[in-house]
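Take a look at the structure below.
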Amino acid sequence: MVDPAKESPHDRWEALGVPKARAAQQMIRMMGGGFGRPVVFECVGAPGVLQGLIEAAPAGAQIVVAGVCMETDRIEPSIAITKEIELTFVFGYTPEEFGQTLRHLAEGVIDVSDLVTGAVGLDGVAGAFEALGDPEAHVKILVRPDA
């Protein structure tokens with residue numbers, strides 16, 4: 001897991017076998033090698049984040065924009081074009097996707113234990129929202145109605 005407060009997740013692409021530069025990618029392909037396509041999810045929705053991802057993502061990456069920026073934002077298309085970045089904008093989830101994700105969570109296919117930093121019963125919900133206002137205190141607080 002990468003803590004972006006301590007290191008840039010983009011510094012790890014090459015360690016994961018994905019060269020950042022198009023020339024290095026082409027060399028790997030010319031030598032018969034391959035690598036996965038990098039996919040970056042933008043879930044923040046703050047001005048400047050999308051441009052930062054365009055600059056930091058490896059060439060050929062797909063950036064999936066799920067964060068809703070409620071202000072005017074600016075990007076430099078020439079950088080995205082040069083790096084052949086694909087921008088995909090999404091809006092919500094289908095009921096089928098939501099259901100499949102819930103099944104995967106229930107079956108343990110998706111491990112969220114590192115994200116859940118607290119748990120409360122129904123009487124602790126108000127306090128949980130207050131605690132979540134401090135980004136240093138919690139990531140996700142699980143509500144357990146039976147607790």
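- For I85 against A57, the heavy-atom pair with the smallest separation is CD1-CB, 4.2 Å.
- Note that the CZ atom of F41 and the CG atom of L53 stand 12.0 Å from one another [nearest 0.5 Å].
- Annotation for D73 and G48: closest pair OD1-N, 3.0 Å, computed over non-hydrogen atoms.
- Looking at every heavy atom in both residues, P58 comes nearest to P19 through CB-O, 3.8 Å.
- No chain of hydrophobic side-chain contacts below 4.5 Å, direct or via other Ile, Leu, Val, Met, Phe, Trp or Tyr residues, connects W13 to V64.
- Considering every non-hydrogen atom in both A21 and A59, the closest pair reads C-CB, 4.4 Å.
- Linking ILVMFWY side-chain heavy atoms closer than 4.5 Å, directly or via other members, places V39 and L50 in two distinct hydrophobic clusters.
- Within the structure, the salt bridge (charged side-chain N to carboxylate O under 4.0 Å, His left out) test picks out the following pairs touching residues 21-30 (sequence neighbours left out): R22-E84.
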Contacts under 3.5 angstrom, residues 138-147 side chains, donor-acceptor by atom type, not counting sequence neighbours:
unit_1 : atom_1 : unit_2 : atom_2 : d
H138   : ND1    : T117   : O      : 3.2
H138   : ND1    : T117   : OG1    : 2.9

Self-check item: Candidate pair L132 and D134, rule side-chain contact (heavy atoms from CB on, under 4.5 Å), full reasoning
Solution: CA-CA 5 Å; L132 287 168; D134 177 0; over 6 Å; no
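- Within a 6.0 Å sphere centred on CZ of R37, heavy atoms belonging to other residues, nucleotides or ligands number more than 12.
- Between I54 and the choices V40, I81, T82, I79, the side chain to side chain contact (heavy atoms under 4.5 Å, CB included) rule is met once, by I79.
- Residue-environment remark: CZ (F91) stays at or below the threshold of 12 foreign heavy atoms within 6.0 Å.
- Hydrophobic clustering, with ILVMFWY side chains joined whenever heavy atoms are under 4.5 angstrom apart, groups I75 together with V44.
- Remark: Q25 CD to K20 NZ distance equals 11.0 Å, nearest 0.5 Å.
- The closest side-chain heavy-atom distance from H10 to E55 is not below 4.5 Å.
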Please tabulate, for side-chain N and O atoms in residues 97-113, each donor-acceptor pair with protein atoms closer than 3.5 Å (sequence neighbours left out).
unit_1 : atom_1 : unit_2 : atom_2 : d
E97    : OE1    : T94    : N      : 2.9
E97    : OE1    : T94    : OG1    : 3.3
T101   : OG1    : E97    : O      : 2.9
R103   : NH1    : G99    : O      : 3.4
D111   : OD1    : S113   : N      : 3.0
D111   : OD1    : S113   : OG     : 2.8
D111   : OD2    : S113   : OG     : 3.4

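- Using a distance-only test at 3.5 Å, with no hydrogens or angles considered, a donor-acceptor pair links the side chain of Q51 to the main chain of E76.
- Residues F89 and I63 share a hydrophobic cluster, clusters being chains of Ile/Leu/Val/Met/Phe/Trp/Tyr side chains in contact below 4.5 Å.
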